[in-house]
Amino acid sequence: MSETEQELARDLGFLEAYTIGLGTMIGAGIFVLPSIAAEQAGPASMISFFGGGLVSLLAALSLSELATGMPKAGGSYYYVNRALGPFFGSIVGWGMWAGLTFASAFYMIGFGQYLLPGLGQYISFLAGWGQIGITAAALVMAAVLTAVNYYGVKETGALQNVIVLSLVGLILAFLALGIFGGPALGEFNPNGWPAVAATIGTVYVSFIGFEVIATSAEEIKNPSRNLPLAMIAAVVTPTLMYVGVMFVSTGTLSIDALSASQIPVADVATEFMGAIGGLVMIAGAVLATVSSANASILSAARVNFAMGRDRILVNWLNEVHERFRTPYRAITVTGIITLVLIAVGVGVGTLAEVASFMYLVTYALVHVAVVVLRRANPDAYDPSFKIPTGLYPLVPIVGFAACLAILVQMNVLVQVIGTGIVVFGVLWYFWFARDRAPSTSLVGEAIAPEPTAMADGEGRYRVVVPVANPETERDLLRMAAASAYAHEDQHAEVIAVNVIEVPRQTSLSQDLTFEEERVERQQELLESARDIATDLDIGLQTRAIVGRDAGSVILDVIEEENAEHVLLGWQGTRSRREHVLGSTIDPVIGRAPCDATLVKLGPEGGRGEGDVMVLAGEGPHAPVAARRAAEFVAASDEASLMLLNVQSSESESDEGLSPTERGEAVIAELVERAEIEYMSYDAKVAVAADTEQAIIEAVQEYDTVCVGATRSGTISQAVFGSLPEKIGAEVPQTVVMARGPEESPMSVREALMQRLEV
């Protein structure tokens with residue numbers, strides 16, 4: 001059986017991708033690290049943050065090219081494994097997991113510091129718990145976050161965005177008031193430039209957030225634009241904030257006071273914002289540390305999954321929970337290791353530096369991967385964003401050298417722990433992965449690359465047909481084929497789409513391995529579509545997609561394929577929930593920028609066949625319905641076409657025409673508007689006092705009824721109007737409701753969202 005390659009739906013726009021990265025990067029970095037950085041490098045620590053930002057910017061450029069060239073889940077691990085092979089893949093995979101776990105523990109210690117010594121100033125119950133209390137608070141919150149991710153609470157994603165945007169506002173207020181207060185710096189660089197360089201390693205944990213964006217590359221819309229933009233913005237924004245916070249902090253408190261503080265930003269804020277300002281910053285820090293840890297636990301599980309997919313890690317770890325649909329084992333193990341790191345009392349600075357160490361090793365190899373893939377130029381590597389010509393290979397070379405330079409400046413203990421993790425990755429490769437993981441190294445090809453040919457497509461008339469039910473699939477494809485036949489001169493093609501919906505908590509790739517049954521059914525459905533297409537002698541393309549929302553996925557397919565027509569099946573009843581015709585149908589019918597046809601199938605033998613009737617009217621979409629009917633008739637051997645108009649016996653025409661004459665004029669005009677003069681058809685005008693009831697009764701004489709939408713508009717008007725809906729609901733025959741391209745004006749909100757998603 002041939003199979004259609006699985007695709008993952010792109011649900012993340014620029015803003016979502018940006019906040020995913022920013023959410024991790026403005027957490028503990030801003031609220032916890034100022035005291036550690038100030039102790040190591042004094043006011044010059046702002047140079048350390050700036051240097052960390054520059055190193056990250058280089059890595060972001062390389063990662064952006066890799067991520068748009070191979071947008072797969074797993075981020076840096078995937079690219080290094082693909083370019084350099086599973087040996088380095090094992091090192092980076094374990095390194096990233098360890099880095100995210102150490103970072104999670106670091107964030108949780110920061111949370112404990114702000115919760116107890118911080119809030120303890122205002123809430124007596126929380127005061128006086130000391131280090132044991134901080135550790136206990138960190139353990140409890142780490143366990144809570146592990147449980148939240150284990151159970152897969154959907155709302156965490158939206159909550160993350162709210163937290164991030166709130167923190168940005170809070171930090172901007174801190175900077176504005178702090179700078180207005182006139183901070184005065186003392187000796188700028190008391191410990192010398194080597195200390196400044198070493199401090200880059202300490203604070204680098206603050207910049208690993210953009211890696212989280214790369215791990216979601218497969219789910220980002222328009223990745224050639226949104227992915228590099230989100231990564232660069234996610235690096236530049238916190239870099240400027242970090243430098244500003246260090247400027248205000250070291251200029252407001254003495255270095256000794258700042259170094260001794262467990263809640264440095266809150267203590268600084270208290271100096272010029274008063275007790276309330278300090279309390280607000282404490283609340284922000286609590287939210288920020290929780291947000292960062294939550295994002296790290298999620299990312300760690302996705303790295304595990306990518307390693308399992310490449311057989312570098314046992315897949316047992318990646319099993320998705322049968323009920324909660326989350327990678328519960330990976331989340332649990334990550335949570336347990338985080339708890340252990342907190343419980344054994346690893347210093348907060350060491351936790352941060354080990355996480356930094358592992359990511360610097362990762363990014364050094366990422367820069368190498370860019371060079372290897374550029375030179376090897378495999379078919380699967382087609383980056384829509386490339387490091388600009390003038391900056392390549394300068395960026396990867398300088399980035400690689402910068403990462404190594406920082407690594408050798410770091411604390412010896414950190415170097416020992418980090419090297420131990422790297423050695424573990426090496427040993428793991430030889431013990432477990434070498435015989436299982438297929439070699440993907442492109443280093444050989446990079447030494448002697450061969451050019452690959454590029455191919456261009458050509459414009460076609462495309463009809464998109466979402467298929468989900470084997471019982472209706474054949475008829476929907478046949479009706480779509482009828483539309484395609486009418487445009488044979490435009491190399492018409494039918495595109496059958498099936499979407500597997502998965503919850504937001506679970507990685508799309510991960511869900512595929514869990515949903516074997518649904519994936520198998522999807523493949524069977526599309527294989528059946530190919531058989532049907534062969535029988536019907538139509539060109540067919542199949543697309544199997546895994547996504548969060550079927551309606552959005554179908555709209556994306558319409559846009560990507562530049563389709564002229566989308567045809568959907570419908571059960572004929574209104575939704576009883578918040579949707580009108582259904583959660584999938586509403587957005588497609590409401591926003592598809594092409595012809596949209598909704599089909600309620602009647603008895604066999606009358607599905608776009610037999611006696612086909614068009615309700616001839618003056619509405620804006622009546623010609624579209626007439627064209628659909630003409631296409632069905634033209635594609636069937638024994639079909640007939642009837643144009644029916646029903647006039648009120650009570651209304652009078654301005655032209656002095658009788659109701660029958662008026663109806664005949666409407667039909668003639670419709671034929672011209674629909675451009676179906678070439679067709680043989682019958683016409684009929686009925687006159688009745690109750691036109692709606694007369695129409696309902698008349699259409700029941702035909703096998704297939706085609707009705708145009710009675711009004712234009714967006715989602716609230718996505719229904720075709722009261723009469724077409726009534727016909728669809730009450731008439732047992734096949735009912736086809738059609739409309740032309742959606743041309744209603746876009747709301748301000750829709751315009752803004754679309755702009756951000758481009």
Side-chain angles (χ1 to χ4, degrees), residues 17-18 21-22 24-25 29 46-70 75-80 83-84 88 92 95-96 99 193 196-215 217 223-243 353 355-375 381 383-410 446:
Y18 173 55
L22 199 59
T24 303
M25 296 176 70
M46 67 182 78
I47 303 296
S48 301
F49 276 102
F50 186 75
L54 283 180
V55 174
S56 299
L57 196 58
L58 296 174
L61 288 170
S62 289
L63 263 178
S64 294
E65 176 169 326
L66 294 171
T68 59
M70 296 184 297
S76 293
Y77 156 75
Y78 178 81
Y79 312 128
V80 171
L84 307 181
F88 290 99
V92 170
M96 288 179 67
W193 292 110
V196 173
T199 304
I200 295 176
T202 303
V203 304
Y204 197 74
V205 67
S206 307
F207 294 95
I208 65 175
F210 66 91
E211 172 63 39
V212 180
I213 300 174
T215 61
S224 62
R225 176 188 182 275
N226 287 338
L227 198 144
L229 199 59
M231 289 183 111
I232 292 171
V235 170
V236 172
T237 305
T239 298
L240 296 176
M241 287 183 172
Y242 294 149
V243 172
E353 287 195 70
S356 299
F357 186 98
M358 300 319 305
Y359 269 84
L360 286 165
V361 170
T362 297
Y363 293 143
L365 293 173
V366 161
H367 288 300
V368 176
V370 170
V371 176
V372 169
L373 283 165
R374 277 271 191 120
R375 291 185 59 79
Y381 185 64
S384 51
F385 168 82
K386 281 191 171 184
I387 298 171
T389 304
L391 297 177
Y392 179 86
L394 189 63
V395 165
I397 291 174
V398 173
F400 176 79
C403 289
L404 292 186
I406 297 170
L407 286 172
V408 299
Q409 291 287 333
M410 295 180 76

Rounded to the nearest 0.5 Å, what separation is found between the OG atom of Ser356 and the CG atom of Leu407? 9.5 Å
To the nearest 0.5 Å, atom CG of Leu373 lies from atom OH of Tyr381 at 5.5 Å
With no hydrogens and no angle check, do the side chains of Ser56 and Tyr204 hold a donor and an acceptor under 3.5 Å apart? yes
Not counting sequence neighbours, which residues clear side-chain hydrogen bond (donor to acceptor under 3.5 Å, both in side chains) with Ser62? List them please. His367
Close side-chain approach of Tyr79 to Val366, heavy-atom, < 4.5 Å: no
Can you measure from CD1 (Ile200) to CZ (Phe50) and round to the nearest 0.5 angstrom? 10.5 Å
Taking the side chain as every heavy atom from C-beta outward, state whether Ile47 and Trp193 have any pair of such atoms under 4.5 Å apart. yes
Go through the structure and list residues passing side-chain contact (heavy atoms from CB on, under 4.5 Å) with Leu394, not counting sequence neighbours. Val398
How far apart are the C-alpha atoms of Val371 and Tyr392, what are their side-chain angles, what is the distance that settles it, and do they pass the side chain to side chain contact (heavy atoms under 4.5 Å, CB included) test? CA-CA 9 Å; Val371 176; Tyr392 179 86; 3.9 Å; yes
Quick test of your reading: applying salt bridge (Lys or Arg N to Asp or Glu O under 4.0 Å), list the pairs with at least one residue in residues 46-70, sequence neighbours left out, ordered by first then second residue. Glu65-Arg374
One should read off an interatomic distance between Ile232 CD1 and Ser64 OG, to the nearest 0.5 angstrom, of 5.5 Å
How long is the straight-line distance from CE of Met231 back to CG of Leu63, given to the nearest 0.5 Å? 4.0 Å
Of all residues at least two apart in sequence or in a different chain, which pass the side-chain hydrogen bond (donor to acceptor under 3.5 Å, both in side chains) check with Thr239? none
Nearest atoms (heavy-atom pairs only) where Val235 meets Gly53: CG1-O, 3.5 Å
Name all residues meeting the ring pair (Phe, Tyr, Trp, His ring centres under 6.0 Å) criterion together with Phe357; count only those two or more places apart in sequence or in a different chain, and write none if there are none. none
With a 4.5 Å cut-off on side-chain heavy atoms, are Val92 and Val361 touching? no
Go through the structure and list residues passing side-chain hydrogen bond (donor to acceptor under 3.5 Å, both in side chains) with Thr199, not counting sequence neighbours. Gln40
Has Ser48 got a side-chain atom pairing as donor or acceptor with Val196's backbone, closer than 3.5 angstrom? yes
Between the side chain of Thr68 and the main-chain N/O of Phe385, is any donor-acceptor distance below 3.5 Å? yes
Test log, rule side chain to side chain contact (heavy atoms under 4.5 Å, CB included), inputs Thr237 and Tyr18: CA-CA 10 Å; Thr237 305; Tyr18 173 55; 2.8 Å; yes
To the closest 0.5 Å, what do you measure between CD1 (Ile406) and OG1 (Thr202)? 10.5 Å
